[in-house]
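Numbered from 1 within each chain, the chains take letters A, B, ... in sequence-line order. Quick note: numbers below take in every heavy atom, side chains included, and nothing from hydrogens, waters or symmetry partners.
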There are 2 protein chains.
Amino acid sequence: MVGIRDHEPVQRTLREARDRFIALWGQMASNWGIPRTMAEVHAVLFIAGEPMNTDDVMEGLGISRGNASMTLRALQEWGIVSRVHLRGDRKEYFQAEQDIWKLFRTILRERKKREIDPLLEALRACRNLTSTGSGGSGGAGGAGSRRIGPGRASVEAHNARIDSMLAFVEMIDSISQRLIASGKGLQLAAKLLAKAS
Amino acid sequence: MVGIRDHEPVQRTLREARDRFIALWGQMASNWGIPRTMAEVHAVLFIAGEPMNTDDVMEGLGISRGNASMTLRALQEWGIVSRVHLRGDRKEYFQAEQDIWKLFRTILRERKKREIDPLLEALRACRNLTSTGSGGSGGAGGAGSRRIGPGRASVEAHNARIDSMLAFVEMIDSISQRLIASGKGLQLAAKLLAKAS
DNA sequence: GCCAATTTTCAGAATATTTTGAAATAAAAC
DNA sequence: GTTTTATTTCAAAATATTCTGAAAATTGGC
């Protein structure tokens with residue numbers, strides 16, 4: 001876009017740096033359960049800094065049109081890439097959020113919604129199967145079950161384990177909520193953690 | 001182990017709760033880039049609460065001996081499962097860490113070592129390719145490069161993007177370090193975040 | 001309405017990951 | 001040492017995931 005000649009050493013180095021960044025980002029994402037190509041498309045858009053169309057993305061990464069289309073849609077659903085219309089061009093353009101902190105919060109919000117919330121619900125349901133101490137159903141009925149079976153102790157040990165897991169996930173959930181809400185939540189957290197030896 | 005008869009309703013419910021927990025844990029792990037079976041084996045050991053041998057794990061999950069062996073080794077390498085020898089038994093037994101916070105810190109330490117640290121190093125190397133402002137190589141040599149090419153502005157915009165990414169990863173790294181070090185770091189963080197509106 | 005440009009969809013192909021099982025190795029018993 | 005039991009290894013098979021490409025659908029211009 002900006003420069004035509006790419007024998008300029010600066011341009012070649014820039015291209016090399018971009019490619020390295022894209023590869024890095026894709027690698028890291030796939031470590032964390034995000035499809036490599038999805039992260040690479042995001043990286044291309046992020047590092048370009050300006051809107052790109054589907055063909056730019058396709059040739060930038062050497063992927064098919066179908067793949068580019070599906071991946072761009074997924075990125076939009078995640079809320080980290082947005083559509084732009086450029087005047088006088090019929091194609092659609094896409095641009096990535098440039099503010100890393102905003103990006104982080106968006107991803108966190110999405111993962112909480114898709115993963116943490118359902119997990120919490122399921123864990124609570126699981127806990128209710130063997131209710132003791134807290135609320136829940138369990139079996140037949142009223143106060144004091146039929147007989148204290150041989151497994152009574154093991155049920156209580158089991159419940160203690162599930163409860164500690166629940167407490168852990170609830171804490172993660174609560175921290176996520178705060179980070180999602182507060183603009184500079186992470187920086188704040190780091191500062192606070194630093195003070196508290 | 002504890003109870004022989006499993007027509008006891010309590011025992012059936014307990015089994016059901018265990019199975020649900022195992023499935024949940026496996027599902028969640030695979031969302032976060034950890035092989036499902038690895039998490040399931042960990043879950044079996046965690047929820048059992050007592051040491052189990054390879055055959056117990058195999059039949060508990062319906063996996064092959066080879067798979068159980070490899071997965072148990074991987075869990076040991078992660079440091080979240082340990083080997084025990086039981087008196088009068090020739091088989092090896094395995095047990096999972098029961099303290100969730102300890103478990104969390106162990107996993108965090110390992111992921112930092114395997115993923116964050118290499119990422120940081122690579123990002124810094126990438127940044128050095130296009131050095132401006134900070135240190136680094138770049139090209140030929142002395143002060144003031146040959147000519148200010150057409151891409152000068154785009155290089156600086158690129159550097160700004162990489163720098164913000166670097167700052168972000170450095171913050172994640174620093175927070176991880178603190179959480180790994182401090183016993184109750186997460187609870188602390190949550191409390192602090194709660195106070196700071 | 002039509003036409004051309006662009007985007008989406010999805011069955012099948014390509015790729016990557018995980019699992020098996022049996023042979024090889026190791027460890028304990030004697 | 002031999003025998004028996006337990007564990008590890010790894011090539012091949014099974015499974016799961018991701019990608020392609022061309023047909024179908026959509027969109028914008030007129």
Starting at CD of E77(A) and ending at C1' of dT9(C), how long is that distance when rounded to a whole Å?
14 Å

Between T71(B) and A68(B) (side chain of the first, backbone of the second, donor and acceptor by atom type, cut-off under 3.5 Å), is there such a pair?
no

Check the distance between dA28(C)'s P and D89(B)'s CG and give it to me in whole angstrom.
13 Å

Distance, rounded to the nearest Å, where K91(A) contributes NZ and dT26(D) contributes C1'
17 Å

Does R65(A) or N53(B) map to a spot on DNA chain D nearer the 5' end, using the closest nucleotide for each?
N53(B)

Ignoring backbone atoms, test whether T37(A) places a side-chain nitrogen or oxygen under 4.0 Å from the OP1 or OP2 oxygen of dC19(D).
yes

Tell me whether Q98(A) contacts the main-chain N or O of F46(A) through its side chain, where contact means a donor paired with an acceptor under 3.5 Å.
yes

Separation of E40(A) atom CD from dT18(D) atom C1', in whole Å?
12 Å

Side-chain (T13(A)) to main-chain (P9(A)) donor-acceptor, under 3.5 angstrom:
yes

Using whole Å, report how far CD of E92(A) lies from P of dA25(D).
19 Å

In whole Å, I'd like the distance from the CZ atom of R73(A) to the P atom of dT26(D).
12 Å

Under 4.0 Å between a side-chain N/O of S69(B) and OP1 or OP2 of dT7(D), yes or no?
no

If we check salt bridge (Lys or Arg N to Asp or Glu O under 4.0 Å) with D173(B), which of these qualifies: R178(B), R124(B), K112(B)?
K112(B)

Closer to the 5' end of DNA chain C via nearest nucleotide, is it M38(B) or R90(B)?
M38(B)

Listed nucleotide nearest any side-chain atom of S64(A), set dT7(C), dT8(D), dG21(D):
dG21(D)

If you check every side-chain atom of N67(A), which of dT19(C), dT20(D), dT8(D) has the closest atom?
dT20(D)

Atom pair distance, as rounded to whole Å: CD1 in I34(B) and C1' in dT18(C):
16 Å

note: R87(B), atom CZ; dA28(C), atom P; distance rounded to Å ~ 17 Å

I want to confirm an ordering. Mapping Q76(B) and H85(A) to their closest nucleotides on DNA chain D, which one lands closer to the 5' end?
Q76(B)

Report the relative orientation of the aromatic rings in F104(B) and F168(A); use parallel for angles under 30°, tilted for 30 to 60°, perpendicular for over 60°.
tilted

So if I take every side-chain heavy atom of M70(A) and compare against dT18(C), dT20(D), dT7(C), which nucleotide ends up nearest?
dT20(D)

